[in-house]
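Any value given below was found using the heavy atoms of this structure, including those in side chains, with hydrogens, waters and symmetry copies removed. The chains referred to below are lettered A, B, ... by the order of the sequence lines, with proteins before strands, and numbering in each begins at 1. The model shown is predicted, which means the values in this text are computed figures rather than measured ones.
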Amino acid sequence: MRASQYFISTLKEAPSDAEIISHQLMLRAGLIRRLAGGIYTWMPLGLRVLRKVEAIVREEMNRSGAVELLMPAVQPAELWQESGRWEQYGPELLRFKDRHQRDFVVGPTHEEVITDVVRREIKSYRQLPRHFYQIQTKFRDEIRPRFGVMRGREFLMKDGYSFHASFEDLQREYTRMYETYTRIFTRLGLSFRAVAADPGSIGGTGSHEFHVLADSGEDAIAFCPESDYAANVELAEALAPPGPRPTANQPMKEVATPGKIKCEDVAAFLGLGIEKMVKAIAVMRDSEAVPFALLLLRGDHDLNEIKAEKIIGRFRFAHDGEIEQQLGCRPGYIGPVGTRDIPVIADHAVAAMSDFVCGANKPGYHLSGVNFVRDLPVPATVADIRNVVTGDPSPDGKGSLELCRGIEVGHIFQLRTKYSEALKCSFLNEEGQPQTMEMGCYGIGVSRIVGAAIEQGHDGRGIVFPSAIAPFELAIVPVGYGKSTFVREAANRVYDQLAAVGIDVILDDRDERPGVMFADWELTGIPHRVVIGERGLKEGMAEYQGRRDAEAEKVPLAEIAALVRLKVCS
RNA sequence: CGGGGCGUAGCGCAGCCCGGUAGCGCGCUUGGUUUGGGACCAAGAUGUCGGAGGUUCGAAUCCUCUCGCCCCGACCA
């Protein structure tokens, strides 16, 4: 490729609405351009990256025996009504009517469609197992699209669905996909981690997420350095503290804590550690006749809403008015003492506390030296409702947990029969009896990977792409291409040599100053660069520099092609 | 959807308080000089000041309403 015939459109300054580094760099490097909130055009250079990611995903999926197809982006509402998700999915599902007033959706995922395909096509256990996948544009009307391509509304996704005659066979395929995904992300050149995950709204039993490790990631991951335990914090279990509750040493007394609302402030004001505080969170439960309830957490712990939902069902946080009506007190000073029949759900850590501090249900006052049994009943429900924190014991009993952040780029689920049952997707087993198929589902966020790779690979000069997905592997930068025949001929020769052996090379034959060319190829993250100028040519030399290298190295012109081949392949 | 902020040239911004000819840097065009790290000089072009209404002799500026975007809280690849 010659740069003069290609389209390079870089920006010196990033648009001010780009918040994270990958978004800024993608805009500056001319990889994407925004059309509407969460909707982007993939510019030529960006498309090359996207296609490379796609190709690796496709290759590995095929290698693992999955079969590619392409399903419609637009789907009739009937299928969604049949699975029940027409009601469940909410406003994230983009719905519209056609000219006949029939309801349709723009597919955010394709469980319904693939299950429909399979129930029509597959009748016998002899035709199973089967794994179909597609790489397709999806649409989810995200509440708050942000971070460019990382949380867009329109995005490119690989989604695969497997169908099995037995759960054992589903587990076999699940393991195979786990390995396939590991291979894919390794080939992409990303630093990643597979973690146990919450199956969430898609439903089913087992589930793993694949996260690209990056500080800007939206997910928190708990992992144990001493073992291979790793889980999304949403799921990671906080073990109950061992041993009996310490005995009460202090009398309960009311202390004035004017203006101290947050646990940290109260702790500091009283000169106590924050782990002696108990915070009460007032919630309204959807399912209960008496919706109001209090959740108790240790001061230094955070509520895990997913865990809490599993214990008490769907809920929302109570409004200030509701809290005041129930407890006669503003939030900030609420607590579990003297609340009579208000249901109290305590985290394990709270149940193990003694001589603690909590709100007095009286504005401006807290209670100290509070103890269960003596001052308030032991909560009826004690459960794991908090996020794990650094230093918590690992649930597998081997050492303690650490936390890091990740960008979810892949997710595999054992769906079991959630959709096959709803859509009556069955087959005849060996006994000739109808049986519901077991299903697995496997997603990879293709477009998100591009953003994630940049989050992980960048420096002051721009993007540092892994070789496997860089828009070009090599940029040849001739200094004086238009002026010097020597330079032009040498550059053309090197270009021809490398292009002939299949290296993805761009020759910068634009009439630009060297600084502009250097800056462009650094910004766009091209991993290898060869500079050919009259100065070096006089000594028969060219220059090679890797994107991560601090300095260029001089290489005899005759050897440059061989060196580049070596570098590109390593 | 709730809370906060911002919409002025392709991009980054000033001007708004205190109404009176719409500006700066980058980019773009033309010419010249340059040519190993985002050049310099000269001459240019580019704006429904997000939109609609109102107040006013006069609105980018004040008022009302709208739309869009960004940030903070409930979703997911």
query: Do we see A:F155 stacking on the base of B:A77, given a limit of 5.5 Å between centres and 30° between planes?
result: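 A:F155 ring centre within cut-off of B:A77 base, planes near parallel; stacks.
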Whether [X] side chain and [Y] backbone form a donor-acceptor pair below 3.5 Å:
X	Y	result
A:D549	A:G546	yes
A:S484	A:Y481	no
A:D302	A:R386	no
A:Y181	A:Y442	yes

Describe the nucleic acid contact of [X] in one word from base, sugar-phosphate, nothing, applying a heavy-atom distance below 4.0 Å.
X	value
A:G482	nothing
A:E512	nothing
A:D159	nothing
A:D219	base
A:V477	nothing
A:A18	nothing
A:V409	sugar-phosphate
A:G480	nothing

Taking the side chain of [X] as its heavy atoms from C-beta onward, which of [options] lies nearest to it?
X	options	result
A:R144	B:C70, B:C72, B:G36	B:C72
A:E92	B:C75, B:G36, B:C71	B:C75
A:S16	B:C69, B:G38, B:C13	B:C13
A:P514	B:C70, B:G36, B:A77	B:G36
A:E305	B:G38, B:A74, B:A77	B:A74

Could you tell me how far [M] sits from [N] if I compare only their [atom1] atoms? Round to whole Å.
N	M	atom1	answer
B:G36	B:G32	C1'	23 Å
B:G23	B:U29	P	23 Å
B:G15	B:U61	P	15 Å
B:G51	B:C6	C1'	16 Å
B:C71	B:A60	P	30 Å

Is it the case that the base of [N] and the side chain of [X] share a donor-acceptor contact (distance under 3.5 Å, atom types as modelled)?
X	N	value
A:R529	B:G37	yes
A:R146	B:C71	no
A:E543	B:G36	yes
A:E13	B:G25	yes

Taking [atom1] from [X] and [atom2] from [N], how many angstroms apart are they, rounded to a whole number?
X	N	atom1	atom2	result
A:Y133	B:A77	OH	C1'	17 Å
A:Q545	B:G37	CD	C1'	11 Å
A:R151	B:G73	CZ	C1'	13 Å
A:Y40	B:C69	OH	P	10 Å
A:F185	B:A77	CZ	P	12 Å
A:D141	B:C1	CG	C1'	13 Å
A:R28	B:C26	CZ	C1'	12 Å
A:D459	B:G37	CG	C1'	15 Å

query: Between A:K483 and A:E154, who's closer to the 5' end of RNA chain B by nearest nucleotide?
result: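 Per heavy-atom nearest nucleotide, the more 5' residue is A:K483.
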message: With nearest nucleotide decided by heavy atoms, which residue, A:T10 or A:V149, maps closer to the 5′ end of RNA chain B?
response: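 It is A:T10 whose nearest nucleotide is closer to the 5' end.
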[N] phosphate, OP1 or OP2, under 4.0 Å from [X] side-chain N/O:
X	N	result
A:K12	B:C11	no
A:R513	B:G38	no
A:R316	B:A74	no

- prompt: Which of these, A:L523, A:T10, A:T524, sits in a side chain to side chain contact (heavy atoms under 4.5 Å, CB included) with A:R28?
  reply: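 Considering A:L523, A:T10, A:T524, a side chain to side chain contact (heavy atoms under 4.5 Å, CB included) with A:R28 is found only for A:L523.
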Go ahead and name the base partner of [N]; Watson-Crick or wobble counts if both distances stay under 3.5 Å, otherwise write none.
N	value
B:G68	B:C6
B:G37	none
B:G44	B:C28
B:C57	B:G20

- prompt: Looking at A:F139 versus A:F155, is the centre-to-centre ring distance below 6.0 Å?
  reply: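 A:F139 vs A:F155: aromatic centres not under 6.0 Å.
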- prompt: With a 3.5 Å cut-off and no angle check, do the side chains of A:Y133 and A:H110 form a donor-acceptor pair?
  reply: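 No, because no side-chain N or O of A:Y133 sits under 3.5 Å from a partner of the opposite role on A:H110.
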query: Cation-pi between A:R95 and A:W86: NZ/CZ under 6.0 Å from ring centre and within 45° of the ring axis?
result: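 Relative to the ring axis of A:W86, which defines the angle, A:R95 lies inside both limits.
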